[in-house]
Amino acid sequence: MKRIKIKDLLNTTEFGRQATVMGWVRTFRNNQFIAVNDGSSINNLQAVVDFNNTDDALLKRLHTGAAIAITGEVVESLGKGQRVEIKVKELEILGDSDPEKYPLQPKKHSLEFLREIAHLRFRTNTFNAVFKVRHALAFAVHKFFNERGFAYIHTPVITGSDAEGAGEMFKVTTFDLDQIPRNEDGSVNYKEDFFGRPTNLTVSGQLEGELAAMALGEIYTFGPTFRAENSNTTRHLAEFWMIEPEMAFYDLNDNMDLAEALLKYVISYALENCKDELDFLQSRLSEEEKQKPQAERSALNLKEKLKFCIENDFERVNYTEAIDILRKSKPNQKRQFKYLIDEWGADLQSEHERYLVEKHFKKPVILINYPAAIKSFYMRQNEPDAQGRETVGAMDILFPGIGEIVGGSQREERLEKLEQRMYDMNIPVEEMNWFLDTRRFGSAPHSGFGLGFERLVLFVTGMTNIRDVIPFPRTPKNAEF
RNA sequence: UCCUGAGUAGCUCAGCCGGUUAGAGCAUCUGACUGUUAAUCAGAGGGUCGCUGGUUCGAGCCCAGCCUCAGGAGCCA
């Protein structure tokens, strides 16, 4: 008999029919009730065994984690808690699971423990839901861009450029590290290496993305990104996935409009297509919140928070205004900030971003026009303001609980200004000739941004540690699996 | 990398002021029960107290160093 997925079976109204399901045992209760999950749904199917007429040795093998195949009659459940169940006629163990060794039990495990057994944590409700939502969000990203005529560009993972300016890079080499070829002066002889030059894992596809945008018009990348920073936080990974659109003829406002539309689109998609998963994650989250003191609990539950984000415009705030707000804010006046704001030009710390998003505006915030001194070389230089202060056309989108989820800018398209800035910031201009060619030949205003995919998944699932929204997290001192 | 905290049974944790044989719940095993919902009830087994060294008559507990994990900070997406 052809196998039917549990998700479909749970929705059926055809009682009395025969069906075959396959899945993994979650629990076996009362020598009678098997909770089976095949991954198609976060909900389990209850299979009822007639233990009086079933081989005892077979029943003894129904342990948590075992893979089984069941054929039987689909019936309306006699018990509460489920609508549909299956009366087992044939029961086969496809794969045993030794209960003495299998680490998952039908109870709550800590996320820390599950992280140590990341190869098995897929089998829990929480991670089932998280990775279904992750999939939906990834799919929605492609759907969004495809509907708008963007081309998906695969930028290289191995890069020869060491001037992407976004942090420490992982080196790529085929050298035997115990016997590195050297030049006479003792320096490394890269000519002997695989690519004949130093190479790294990419920290951003932006520069290559710009090249494509300056011909195809609107493009995006969506791929793995690597940062060799020794970051130990709940929102940093050494290997993460980033979405980087790059658009010709977009100014900063067009850029913000696009980013806001993208975020709202993918969040709506998840709400519509991951109802069960989000319900589960929401109840999980509110259970967790019950442990917290009243003051730290959030006013909105998970789905309310997501809906709020879709239904309200993001607050667009100039850096200069933000500094003003922060300077006059209570925590600044009362010296509660660890870093007090007193002058224009200061970089905003997490505590300041959190204050703006969570206390002052209480919604997603887009901060724009940062001081040039604290931003990257490729951002478009604005006209100095009345006080002669230099800013660039940057925009960072800040989300509650996550911080910066998007970082972008209008790009500097004027060759002389860009070159000057590269000299000022010690960026090797000669090596970047290929990049500067876009400004030499048919340069045009253009913009783009980077969206941290895992941070998006964090926000939508309500999880709090970024290591729990990617299957196998890579962080300092951890590359297990 | 810095700050703070943690590491005791498979998991979650308790362990007093340094004192005799290190405990509980869940899981596992055995038995009972049989429409359960993390089933229930009874019993049993299960420990390199993160590692190394030190102090002490005596260390899970005190001291030093190291490792790992978590939270916060920095870097950022």
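Here is the naming used below: chain letters follow the sequence lines, and residue numbers restart at 1 for every chain.
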Under a 3.5 Å limit on both distances, the Watson-Crick or wobble mate of B/A22 is none
(Q) Check the phosphate of B/G72 against A/T233, side-chain N and O only, distance under 4.0 Å to OP1 or OP2. Yes or no? (A) no
Is there a donor-acceptor pair under 3.5 Å between the side chain of A/D55 and the backbone N or O of A/A57? yes
is_close_aromatic(A/F131, A/F122), centroid dist under 6.0 Å:
yes
### Query
Base, sugar-phosphate alone, or nothing: which one does A/K101 contact when heavy atoms must sit under 4.0 Å apart?
nothing
For B/G7, the nucleotide meeting Watson-Crick or G-U wobble distances (both under 3.5 Å) is B/C67
Is there a side-chain contact between A/S350 and the phosphate of B/G74, meaning an N or O under 4.0 Å from OP1 or OP2? yes
The nucleotide from B/C29, B/U68, B/A39 with an atom nearest the side chain of A/P106 is B/A39
Taking B/U28, B/U37, B/U12 as options, the one with an atom nearest any side-chain atom of A/E100 is B/U28
By the Watson-Crick or G-U definition, both distances under 3.5 Å, B/U1 is matched with B/A73
Between B/G45 and B/U34, how many Å separate the two P atoms, rounded to a whole number?
28 Å
- Query: Does A/H236 make a side-chain donor-acceptor contact with the base of B/C76, cut-off 3.5 Å?
  - Reply: yes
Among the nucleotides B/A77, B/U34, B/G71, whichever has the atom closest to the side chain of A/F51 is B/U34
Rounded to whole Å, CD of A/Q349 lies from P of B/A73 at a distance of 10 Å
Classify the side chain of A/K108 versus the base of B/C11 as yes if they form a donor-acceptor pair under 3.5 Å and no if they do not.
no
Using a distance-only criterion (donor-acceptor N/O pair, under 3.5 Å, no hydrogens), is the base of B/C69 paired with the side chain of A/R467? no
Got A/L306 and A/F459 here, is their nearest side-chain heavy-atom distance under 4.5 Å?
yes
Checklist entry - Does the side chain of A/Y339 come under 3.5 Å of the side chain of A/H352 through a donor N or O and an acceptor N or O? => result no
Of the listed B/A73, B/C69, B/A70, the closest approach to the A/N232 side chain comes from B/A73
Taking any heavy-atom pair under 4.0 Å as a contact, classify A/P99: base, sugar-phosphate, or nothing. sugar-phosphate
Remember a base hit wins even if backbone is also touched, and classify A/E351 as base, sugar-phosphate or nothing at under 4.0 Å, heavy atoms.
nothing
- Message: What I want to check is whether an N or O donor and acceptor connect the side chain of A/E85 with the base of B/G35 at under 3.5 Å.
- Response: yes
Under 3.5 Å donor-acceptor, A/K338 side chain and A/E351 backbone
no
Worksheet item: What about A/E116: does its side chain form a donor-acceptor pair under 3.5 Å with the base of B/U68?
Response: no
Among B/G72, B/C75, B/U36, the one nearest any side-chain atom of A/T234 is B/G72
- Side-chain N or O of A/R29 closer than 4.0 Å to phosphate OP1/OP2 of B/U36: no
- prompt: What is the nucleic acid contact for A/S77, judged by heavy atoms within less than 4.0 Å: base, sugar-phosphate only, or nothing?
  reply: base
A/L458 atom CG is separated from B/G71 atom P, nearest whole Å, by 11 Å
Whole-Å distance, A/N230 CG to B/G72 P, equals 16 Å
Ranking A/F240 and A/N31 by the position along RNA chain B of their nearest nucleotide, the one closer to 5' is A/N31
A/Q105 atom CD is separated from B/G25 atom P, nearest whole Å, by 15 Å
query: Hey, does A/G79 reach any base, or is it just sugar-phosphate, or nothing, if we go heavy atoms under 4.0 Å?
result: base
Atom CG of A/L45 and atom C1' of B/U36 are separated, to the nearest Å, by 14 Å
Contact under 4.0 Å: A/R26 side-chain N or O vs B/U36 OP1/OP2: no
>> Taking any heavy-atom pair under 4.0 Å as a contact, classify A/I405: base, sugar-phosphate, or nothing.
In response: sugar-phosphate
Q.
With a 4.0 Å limit, can you tell me whether A/R354 has a side-chain N or O closer than that to the phosphate oxygens OP1/OP2 of B/A73?
A. yes
* A/Q46 side chain to A/A35 backbone, donor-acceptor under 3.5 Å -> no
Taking for A/Q32 and for A/E353 the nucleotide of RNA chain B with the nearest heavy atom, the one nearer the 5' end belongs to A/Q32
As its Watson-Crick or G-U partner within any shown strand, both distances under 3.5 Å, B/C62 has B/G54
Within 45 degrees of the axis of the six-membered ring of A/F144 and under 6.0 Å from its centre: does A/K264 put its NZ or CZ there? no
Separation of B/A27 atom P from A/L62 atom CG, nearest Å, is 17 Å
In Watson-Crick or G-U wobble terms, with both distances under 3.5 Å, the base opposite B/C41 is B/G31
pair_partner(B/C49), Watson-Crick or wobble, both distances < 3.5 Å, evaluates to none
Decide yes or no, distance alone: a donor-acceptor N/O pair under 3.5 angstrom between the base of B/U40 and the side-chain of A/N30. no
Worksheet item: Is any side-chain nitrogen or oxygen of A/N52 closer than 4.0 Å to OP1 or OP2 of B/U34?
Response: no
Does any donor-acceptor pair link the side chain of A/S231 with the base of B/C75 at a separation under 3.5 Å? yes
What's A/R115 touching, base or sugar-phosphate or nothing? Going by heavy atoms closer than 4.0 Å. sugar-phosphate
A/Q336 atom CD is separated from B/A73 atom C1', nearest whole Å, by 18 Å
- Query: When rounded to the nearest Å, what value does the distance between P atoms of B/C51 and B/G60 take?
  - Reply: 11 Å
Rounded to whole Å, the CZ-P distance (A/F113 to B/C26) equals 18 Å
Original post:
Is the cationic atom of A/K362 (NZ for Lys, CZ for Arg) positioned less than 6.0 Å from the six-membered ring centroid of A/F308 and within 45 degrees of its normal?
Top reply: no
Would you indicate what A/L104 reaches in the nucleic acid, counting non-hydrogen atoms under 4.0 angstrom: base, sugar-phosphate, or nothing?
-> nothing
Is the phosphate of B/A38 approached by A/T27 (side-chain N or O, under 4.0 Å from OP1 or OP2)?
no
- Message: How about NZ on A/K363, more than 12 heavy atoms from neighbouring residues, nucleotides or ligands closer than 6.0 Å, or not?
- Response: yes
